[in-house]
Amino acid sequence: MNITGIILAGGYSRRMGADKALLELGGVPLISHLTARLSIVANSVCIACGAEEREAYRFLRLPLIPDRYPGQGPLAGLHAALCSSNTEWNVAAACDLPFASREIMQYMTGIAAAASHIDAVVPVNAAGKVQPLLAVYHSRLLPSLEDALERKRPRVMEWLDARKVQYIHEHEFPGSPQARAAALLNMNTPEDYQAAVKLASSFPNG
């Protein structure tokens with residue numbers, strides 16, 4: 001199954017005070033970690049980002065996809081990337097999920113490959129929080145994305161609730177209990193970043 005990898009790197013990072021994608025874990029920018037993982041899972045990788053970030057990400061030598069609906073959040077980034085995708089299935093991952101592993105991406109794409117009746121595969125953590133910014137989406141969703149953005153209703157969960165989604169829960173995730181718990185940890189503030197750096201050092205491979 002051919003798959004397009006989508007890095008969602010838009011957003012203003014106001015609470016972080018710096019571009020989250022360029023923060024480092026182990027001396028490597030988060031966006032580089034994510035690129036490496038997606039490159040294993042997907043046949044090609046692109047970055048959905050705004051105009052301001054495009055120069056900063058050129059070192060990755062990946063296609064940089066601008067929003068067609070600027071200012072409407074991650075739904076606009078997903079829409080732009082699906083517009084440029086030439087595969088049915090697409091795995092999307094946001095840069096503020098530092099422990100989103102290739103194993104969970106491969107697990108979700110495996111589910112997608114075996115199911116013809118679903119539009120998306122989306123993970124849910126142990127507390128019941130859905131994480132739609134680390135998920136697998138079918139390109140048939142493009143018209144519904146465009147409709148939501150045209151109507152200026154860019155809330156991801158509102159859009160997702162009307163789709164045919166297979167949710168996977170934390171106990172189903174591949175990997176160790178530590179890796180499963182960390183997979184959907186979201187990083188929005190400097191305190192979150194410091195916690196992520198500390199957590200990264202506790203993993204067996206650092």
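All of these numbers come straight from a predicted model, not from anything done at the bench. As a basis for the values below, the full set of heavy atoms in this structure was taken, side chains included, without hydrogen atoms, waters or symmetry mates.
Two residues are said to be in side-chain contact when any heavy atoms from C-beta on lie closer than 4.5 Å; V197 and Y193 meet this criterion. Considering only heavy atoms from C-beta on, Q72 stays 4.5 Å or farther from D67 through its side chain. Put simply, the side chain of S44 reaches to within 4.5 Å of the side chain of T4, judged on heavy atoms. Within the 4.5 Å cutoff, the side chain of M187 has no heavy atoms near those of the L97 side chain. Residues K164 and H117 have side chains not in contact (no heavy-atom distance under 4.5 Å, counting atoms from C-beta outward).
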Quick one: side chains of residues 21-38, donor-acceptor pairs under 3.5 Å with protein atoms, not counting sequence neighbours, listed by atom name and distance.
unit_1: H33; atom_1: NE2; unit_2: L25; atom_2: O; d: 2.9
unit_1: T35; atom_1: OG1; unit_2: I31; atom_2: O; d: 2.7
unit_1: R37; atom_1: NH1; unit_2: P98; atom_2: O; d: 3.0
unit_1: R37; atom_1: NH1; unit_2: A100; atom_2: O; d: 2.9
unit_1: R37; atom_1: NH2; unit_2: P98; atom_2: O; d: 3.3

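With hydrogens and angles disregarded, no donor-acceptor distance shorter than 3.5 Å links the side chain of D147 to the backbone of S144. Judged by distance alone, with hydrogens and angles left aside, the side-chain atoms of E146 form no donor-acceptor pair with the main-chain N or O of P143 at under 3.5 Å. The closest donor-acceptor contact from the side chain of E170 to the backbone of N125 lies at 3.5 Å or more, if one exists at all.
Transitive grouping of hydrophobic side chains (ILVMFWY, heavy atoms separated by less than 4.5 Å) keeps L184 and M16 in distinct clusters. Both V41 and V45 belong to a common hydrophobic cluster when Ile, Leu, Val, Met, Phe, Trp and Tyr are linked at side-chain heavy-atom distances under 4.5 angstrom. Both M1 and V136 belong to a single network of hydrophobic side chains, linked directly or stepwise wherever heavy atoms of I, L, V, M, F, W or Y lie under 4.5 Å apart. Hydrophobic clustering of Ile, Leu, Val, Met, Phe, Trp and Tyr side chains at less than 4.5 Å, counting indirect connections, keeps F99 apart from I104.
Pairing each heavy atom of N43 with each of I3, the nearest pair is OD1-N, 2.6 Å. For the pair G5 and A42, the tightest heavy-atom approach, listed with the atom from each and the gap, is N-CB, 3.4 Å. Of all heavy-atom pairs between W89 and A115, the closest is CZ2-O, 4.1 Å. The two residues P66 and A80 make their nearest non-hydrogen contact at O-CB, 3.4 Å. Of all heavy-atom pairs spanning I47 and A9, the tightest one is CG2-CB, 3.8 Å.
In this structure, CD in E55 is found 8.5 Å from CG in L64, a value given to the nearest 0.5 Å. Put simply, CE on M105 and CE on M108 are 7.0 Å apart, with the number rounded to the nearest 0.5 Å. Rounding to the nearest 0.5 Å gives a distance of 6.5 Å between CG of L199 and CG of L185. For the atom pair OG of S39 and CG of L62, the computed distance is 6.5 Å after rounding to the nearest 0.5 Å.
Grouped by direct or indirect side-chain proximity (heavy atoms under 4.5 Å, Ile/Leu/Val/Met/Phe/Trp/Tyr only), L142 sits with I6, L8, Y69, L75, L78, L82, V122, V124, V130, L133, Y137, L141, L145, L149, V156, M157, W159, L160, V165, Y167.
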*Give the C-alpha distance, both sets of side-chain angles, the deciding distance and a yes or no for side chain to side chain donor-acceptor pair (under 3.5 Å) between S202 and Q178.*
CA-CA 10 Å; S202 73; Q178 183 188 28; 3.0 Å; yes
*Start with the C-alpha gap between H171 and R180, add the side-chain angles, then the distance that decides, and say whether side-chain contact (heavy atoms from CB on, under 4.5 Å) holds.*
CA-CA 7 Å; H171 69 271; R180 290 197 295 269; 5.7 Å; no
*Assess whether side-chain contact (heavy atoms from CB on, under 4.5 Å) is satisfied between N186 and D192, documenting all intermediate values.*
CA-CA 8 Å; N186 193 244; D192 292 341; 5.9 Å; no
*What do the steps show when you test I40 against Q106 for side-chain contact (heavy atoms from CB on, under 4.5 Å), and what is the final call?*
CA-CA 9 Å; I40 295 171; Q106 289 171 323; 3.8 Å; yes
*Should N188 and K20 be marked as a side chain to side chain donor-acceptor pair (under 3.5 Å) after you check the CA-CA gap, both sets of side-chain angles, and the distance that decides it?*
CA-CA 8 Å; N188 290 310; K20 290 181 281 189; 3.2 Å; yes
*I would like to know whether C95 and I7 meet side-chain contact (heavy atoms from CB on, under 4.5 Å); could you show each step before the answer?*
CA-CA 7 Å; C95 281; I7 298 174; 3.5 Å; yes
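Annotation: side-chain hydrogen bond (donor to acceptor under 3.5 Å, both in side chains) contacts of D119 (sequence neighbours excluded): R140. With sequence neighbours excluded, no residue satisfies side-chain hydrogen bond (donor to acceptor under 3.5 Å, both in side chains) with R61. The ring pair (Phe, Tyr, Trp, His ring centres under 6.0 Å) test applied to Y57 returns no partner, not counting sequence neighbours. E150 meets the salt bridge (charged side-chain N to carboxylate O under 4.0 Å, His left out) test with no other residue; sequence neighbours excluded.
More than 12 non-hydrogen atoms from other residues, nucleotides or ligands lie less than 6.0 angstrom from CZ of R58.
T87 and N2 are not linked by any side-chain donor-acceptor pair at a separation below 3.5 angstrom, with hydrogens and angles left out of the test.
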